[in-house]
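Everything on this sheet refers to the single structure shown next.
For the numbers below, each heavy atom of this structure counts, side chains included, while hydrogens, waters and symmetry mates do not. Numbers restart at 1 for each chain; the letters A, B, ... are given by sequence-line order, proteins then strands.
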Number of protein chains: 2
Amino acid sequence: MGRPPALSRERIIDGAAALIAEHGADALSARRLGEALGCDPSALYRHFEDMGELKREVGDRYLATARVGERTNESWRCALRRICIELRKVQLRQPRLAALVRAAPTRLANELRITEALLRELARGGFDLASAASAYHSLIELTVGSAAIDADLGGQPAADRRKAYREWQRHYAALDPIEFPHAVAIASHLYVGSADARFLEALDALLAGLSSLERQATQ
Amino acid sequence: MGRPPALSRERIIDGAAALIAEHGADALSARRLGEALGCDPSALYRHFEDMGELKREVGDRYLATARVGERTNESWRCALRRICIELRKVQLRQPRLAALVRAAPTRLANELRITEALLRELARGGFDLASAASAYHSLIELTVGSAAIDADLGGQPAADRRKAYREWQRHYAALDPIEFPHAVAIASHLYVGSADARFLEALDALLAGLSSLERQATQ
DNA sequence: ACCTGAACACCGTTCAAGT
DNA sequence: ACCTGAACACCGTTCAAGT
């Protein structure tokens, strides 16, 4: 074992990521991280402005696992779909960290790769610059936004989620049919299947809309 | 003045809402709320299981301001659009509280009114139950999700946001054009206008997609 | 019945003092 | 140059004791 190596940004980020991976994002605190690294909590402030800066660095790290490279023989629509699914996947893999990347683009290497890939496919689809920018923003709003919704529940096991879905269905079905006729009628169709499936349906509808708006513009 | 009236759920919720409205959601703590109400922090636990339950109650309250009533001479698509815009508006009015309503439906009165209104319009648009449920989920994913993205930045003044947008534009424009050709080319078209405008473009694309998918199905 | 006060187990961050 | 230790100003929550 020996004594732990000297403190460094890298070691601290590693330690923070490990802490979060094992015990959840709430477990990250200066005191706990200090103990894990074998240093005083206050030593961290020599390497990071504050805990927020450290969290952002950890947040950027998990985006690195997103695979958004080009593929041969793939339509631009399929590629956009694939990249959005991939982006959602990495966000839900570390749901609590996703929050760090949500509000503002990090503009760091990993996020830029994803942005460039989306813009590349939109260009391939024949979108002009203004339409491509609009479509890019729309895809991000849906993909990142939907991940934000599902992140909180995503933390708990699948069985618990399904149980919650069934409970909500029953709740809607049991409402007063005079006051909420449509909710009662549709109850058994709400929250069917997984959150991933619902995201895919929304994504396909959005892609269909983007295509049709694009076709109108170029006619 | 006289001494403050006896504690009650209502008084506590009022106090918490006032605290948040004045100093932001982070200002809500048992100690501060206790001081504001003139009682010991621990007295709150006689009326609420924990601070989470109190926050949920405050969260439900702000949804009450959403106006989703029927209007004459309005197409179902315009109505859906209007309701989603309204839902976004109330979420951004108290951005930090919106987080409380995000992960799971509260299934309380105010949220049910909104759900029923959306389902009503989808039924009017000729969607069958399964398609309406899918479309409902898609609209919620985009509307609530996008509000989640914008909520964090929504808290700060408009001038600061515009400044951040310009900074991101410049950052994308200054990237290496060999590595990120599309990002560099499109930089001046990204983050143009307001977050509200971007939401509207995404919403219109999604509505167009939902309509076209619906038309295909009924053909 | 309802509330208080003290206590327990935590936070992030700063800064003089040590090595 | 880098880290420690103590301190400051906070958290949520519990529970015996008071009124």
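- The cationic group of A:Arg198 lies under 6.0 Å from the six-membered ring centre of A:Tyr165 and within 45° of the ring axis, placing it in a cation-pi geometry.
- When the nucleotides D:dT13, D:dT4, C:dG12 are ranked by their closest atom to the side chain of A:Asp40, D:dT4 comes out on top.
- Side-chain N/O atoms of A:Arg32 include one lying less than 4.0 angstrom from OP1 or OP2 on C:dC11.
- With C:dC2, C:dG12, D:dC11 as the choices, the nucleotide that has an atom nearest any side-chain atom of A:Tyr45 turns out to be C:dG12.
- With both ends at atom P, the span from D:dA9 to C:dA9 equals 23 Å, rounded to whole Å.
- With distances taken from any side-chain atom of A:Ala43 to the nucleotides D:dT14, C:dC2, D:dT4, the minimum falls on D:dT4.
- Using C1' as the reference atom, D:dC8 and C:dC11 are 12 Å apart when rounded to the nearest Å.
- You'll find that the side chain of B:Arg31 is closest to D:dC11, out of D:dC11, C:dT13, C:dC3.
- For the 3.5 Å distance criterion, the side chains of A:Ser188 and A:Tyr172 fail to qualify, holding no donor opposite an acceptor.
- Mapping A:His47 and B:Asp50 onto DNA chain D by nearest heavy atom places A:His47 at the nucleotide closer to the 5' end.
- Side-chain polar atoms of B:Ser194 and B:Asp196 form no donor-acceptor pair below 3.5 angstrom.
- With C:dT13, D:dG12, D:dG5 as the choices, the nucleotide that has an atom nearest any side-chain atom of A:Ala30 turns out to be C:dT13.
- Classified by interplanar angle (parallel below 30°, tilted 30° to 60°, perpendicular above 60°), the ring pair B:Trp168/B:Tyr191 is perpendicular.
- Nucleic acid contact for B:Ser42: base, since at least one base atom lies under 4.0 Å from a heavy atom of the residue.
- Mapped onto DNA chain C by nearest heavy atom, B:Pro41 and A:Arg46 fall at different nucleotides, with B:Pro41 at the one closer to the 5' end.
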